[in-house]
Amino acid sequence: MTTMGLPQQASLETPHTQACLAGLACTFAACHMSPLNITLPSFSLCVCQVKYEKVKVVLQALASLLEELGADLTQAEDGLCCPLQPVIPSPVINGYRNKSTFSVNHGPDGDPKMVGLYVGTGRDMVCVRANHLLNMPQAHFQVAQRYEEFLRQSPPDSCLLFHTGGHWREVVVRSNRKGDTVAIIASHPQHLSPEECCAQKELLKDFFTHGPGAACSLTSLYFQESTMVCASHQQSPFELLFGEPHIFEEILNLKFRISPDAFFQVNAAGAEVLYQTIGELSGADRKAVLLDICCGTGAIGLSLAGQASKVIGVELVDQVVEDARRNAAFNGIASAEFHAGKAEVILPHLLAAWPDGQPLAAVVNPSRAGFHYHVVRAIRNCKAIRTLVYVSCKPGGESFRNFLECCCPSDPKKKLTGEPFAPILAVPVDLFPHTTHCDVVLLFAH
């Protein structure tokens with residue numbers, strides 16, 4: 001069952017459930033995708049219709065499995081677990097991405113210092129330039145091209161595999177709608193001495209301030225030296241080589257500070273539509289407290305702070321929580337508080353002591369991995385939570401497990417004693433034009 005991302009806690013070993021999973025597996029195979037990508041065959045449909053149909057498949061599968069588990073569910077049309085609204089389009093179609101990650105590896109011609117994106121799989125995988133992509137701004141391509149130019153004149157090799165040596169790794173480019181641009185360059189120290197590493201950083205800084213890289217007009221340049229594939233600021237600090245320590249983005253007339261590793265929606269204009277949709281569905285009012293789970297820099301909670309009596313945000317990364325607190329201060333919002341730590345640790349303690357008479361509206365926007373079973377249990381067991389808005393960029397992945405756990409019948413043996421949620425409405429929001437992906441806002445109610 002783990003290949004489908006379904007909960008181990010529920011009893012899903014039934015013929016009907018297996019038939020549903022087999023049907024979804026056939027869909028995956030038709031698209032040559034991994035089992036966690038619910039994707040449709042390439043019909044002659046417009047992209048928005050493809051996105052709509054993908055969400056429809058998820059909602060049909062959820063209805064079927066919940067029914068098999070004995071959930072009290074009133075299905076909508078077409079066997080859906082709830083009504084599905086049309087896809088809300090993105091206000092911006094081209095060049096909307098405010099964050100791009102460019103890898104360093106062998107190009108199609110074998111050149112080991114190609115900067116771009118991966119295509120292919122296994123031994124056939126190569127790195128190609130991404131200049132043709134319509135969803136990235138030209139400023140991002142320019143940084144990637146200049147970084148490649150720097151690599152070609154730099155004596156240290158690029159780091160293709162950690163165990164084979166080399167130093168230079170990927171570059172992350174972040175930007176805002178004002179035109180500020182930040183480059184974050186990663187390097188593996190290997191056996192360089194501190195003095196040699198400092199020399200390389202000076203060469204990098206000089207290249208982007210006085211050399212060909214100056215054409216990028218970077219707002220700031222960060223450097224991260226790490227022996228890990230992916231590291232947070234706490235694990236391997238980001239070092240500012242020059243420029244401003246942060247850039248800012250405005251969303252719905254609020255100002256948000258963005259640190260090098262802070263999560264922020266890649267489509268700022270689309271994010272405004274997304275947050276407005278969440279606000280409409282949340283049901284938060286001046287009598288309710290808004291609980292923003294996996295809050296990141298606080299964008300959702302702060303955007304909806306005017307609707308609720310108070311905002312409580314929970315986020316894993318300390319530096320991101322600091323951004324959220326500063327964002328609240330920037331915008332003069334005193335009714336918001338943010339807690340750093342794992343949601344599965346913080347929420348059970350917070351909600352166990354929550355008075356039933358104080359209504360809560362919960363919003364959760366987790367990573368693609370979904371959230372922990374203990375979070376589900378804490379939310380379900382809290383009678384004060386009237387509505388739950390779940391935002392998922394991959395509803396056919398691990399989020400699907402969360403949907404089932406939130407809505408399946410109670411099971412005292414697993415301490416899942418609270419009343420199950422019922423799916424009420426699904427609204428797809430297109431944050432990713434030129435792709436078949438979209439965010440889905442799912443409203444659940446106790």
Side-chain angles (χ1 to χ4, degrees), residues 87-102 117 130-147 171-184 208 213-222 238 240 242-279 292 295-306 319-320 322-324 326-333 365 391 393 429-435 437-439 441:
V87 178
I88 301 177
S90 170
V92 178
I93 304 301
N94 294 331
Y96 60 84
R97 288 193 66 92
N98 55 36
K99 180 180 179 182
S100 303
T101 301
F102 299 97
L117 305 180
N131 306 45
H132 61 288
L133 295 181
L134 297 177
N135 59 356
M136 292 184 184
Q138 287 300 316
H140 292 202
F141 299 140
Q142 186 180 30
V143 173
Q145 290 172 341
R146 295 300 184 182
Y147 181 48
V171 56
V172 176
V173 186
R174 306 195 73 156
S175 58
N176 59 18
R177 288 182 284 183
K178 287 175 54 181
D180 297 326
T181 306
V182 178
I184 307 152
F208 278 100
C216 299
S217 300
L218 291 179
T219 306
S220 52
L221 175 64
Y222 273 95
F238 293 96
L240 180 64
F242 74 81
E244 299 297 322
H246 306 95
I247 60 172
F248 296 84
E249 183 62 273
E250 289 194 7
I251 299 288
L252 299 176
N253 299 317
L254 297 177
K255 186 178 181 180
F256 293 95
R257 187 179 88 165
I258 303 173
S259 295
D261 60 346
F263 170 79
F264 204 82
Q265 293 289 352
V266 298
N267 181 344
E272 293 184 319
V273 176
L274 177 67
Y275 299 162
Q276 289 171 329
T277 302
I278 294 169
D292 189 1
C295 67
T297 57
I300 294 176
L302 295 177
S303 297
L304 307 184
Q319 185 181 10
V320 177
E322 182 61 27
D323 280 345
R326 289 183 180 271
N327 288 335
F330 289 147
N331 295 288
I333 298 174
N365 184 20
V391 185
C393 64
V429 181
D430 189 4
L431 264 68
F432 312 106
H434 299 297
T435 77
H437 305 294
C438 67
D439 268 24
V441 184

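Just so it is clear, the structure is predicted and the values come from calculations on it, not from any experiment.
With sequence neighbours left out, Glu322 forms a side chain to side chain donor-acceptor pair (under 3.5 Å) with Arg326. In this structure Leu133 satisfies the side-chain contact (heavy atoms from CB on, under 4.5 Å) test together with Leu117, Ala130, Asn135, Met136, Phe141, sequence neighbours excluded. Legend: residues meeting side-chain contact (heavy atoms from CB on, under 4.5 Å) with Ala139, ordered by chain and number and at least two apart, are Thr181. Taking Asn327 as the reference, nothing meets the side chain to side chain donor-acceptor pair (under 3.5 Å) condition, with sequence neighbours excluded. With sequence neighbours excluded, no residue forms a ring pair (Phe, Tyr, Trp, His ring centres under 6.0 Å) with Phe242. A search for side chain to side chain donor-acceptor pair (under 3.5 Å) contacts involving Asn176 returns Asp180, not counting sequence neighbours. The side-chain contact (heavy atoms from CB on, under 4.5 Å) test applied to Leu240 returns Ser220, Tyr222, Pro245, not counting sequence neighbours. With sequence neighbours left out, the side-chain contact (heavy atoms from CB on, under 4.5 Å) criterion links Ala214 to no other residue. Checked against salt bridge (Lys or Arg N to Asp or Glu O under 4.0 Å), Asp439 has no partners two or more places apart in sequence or in another chain. A search for side chain to side chain donor-acceptor pair (under 3.5 Å) contacts involving Ser90 returns Asn267, not counting sequence neighbours.
Annotation: the span from Gln276 atom CD to Ile88 atom CD1 amounts to 9.5 Å, rounded to 0.5 Å. Within the model, atoms CG of Asp292 and CG of Leu302 stand 8.0 Å from one another, a figure rounded to the nearest 0.5 Å. Within the model, atoms OH of Tyr275 and CG of Leu254 stand 10.5 Å from one another, a figure rounded to the nearest 0.5 Å. Atoms CD1 and OG1, from Ile251 and Thr297 in turn, are 9.0 Å apart once rounded to the nearest 0.5 Å. Taking CZ from Phe263 and CD1 from Ile258, the interatomic distance works out to 11.0 Å, rounded to the nearest 0.5 Å. Considering CD of Gln142 and SG of Cys216, their distance stands at 4.5 Å, rounded to 0.5 Å.
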Point to revise | Derivation and outcome, side-chain contact (heavy atoms from CB on, under 4.5 Å), residues Phe248 and Lys178 | key: CA-CA 9 Å; Phe248 296 84; Lys178 287 175 54 181; over 6 Å; no

Exercise for review: Start with the C-alpha gap between Val391 and Leu274, add the side-chain angles, then the distance that decides, and say whether side-chain contact (heavy atoms from CB on, under 4.5 Å) holds.
Suggested key: CA-CA 9 Å; Val391 185; Leu274 177 67; 4.1 Å; yes

Practice item. Decide side-chain contact (heavy atoms from CB on, under 4.5 Å) for Val171 and Ile184; before the verdict, give the C-alpha distance in whole Å, the side-chain angles of both, and the deciding distance to 0.1 Å. Key: CA-CA 6 Å; Val171 56; Ile184 307 152; over 6 Å; no

Ignoring hydrogens and angles, write down the donor-acceptor pairs under 3.5 Å from the side chains of residues 91-102, residues two or more places apart or on other chains.
residue	atom	partner	partner atom	Å
Asn94	OD1	His434	NE2	2.6
Tyr96	OH	Pro433	O	2.7
Arg97	NE	Lys99	O	3.1
Arg97	NH2	Lys99	O	3.1
Asn98	ND2	Gln265	O	2.8
Asn98	ND2	Val266	O	3.3
Ser100	OG	His140	ND1	2.7

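Among pairs with a residue in residues 262-275, those fulfilling salt bridge (Lys or Arg N to Asp or Glu O under 4.0 Å) read Arg177-Glu272, at least two apart in sequence or across chains.
Counting all heavy atoms, side chain and backbone alike, Phe256 lies closest to Ala299 at CE2-CA, 3.4 Å. Smallest separation of non-hydrogen atoms from Leu218 and Ala183: CD1-CB, 3.8 Å. Contact detail for Val429 and Gly270: the closest heavy-atom pair is CG1-O, 4.4 Å. Closest approach of Asp323 and Ala262 over heavy atoms only: OD2-CB, 3.8 Å.
Using a 4.5 Å heavy-atom threshold, the side chains of His246 and Ser259 count as touching.
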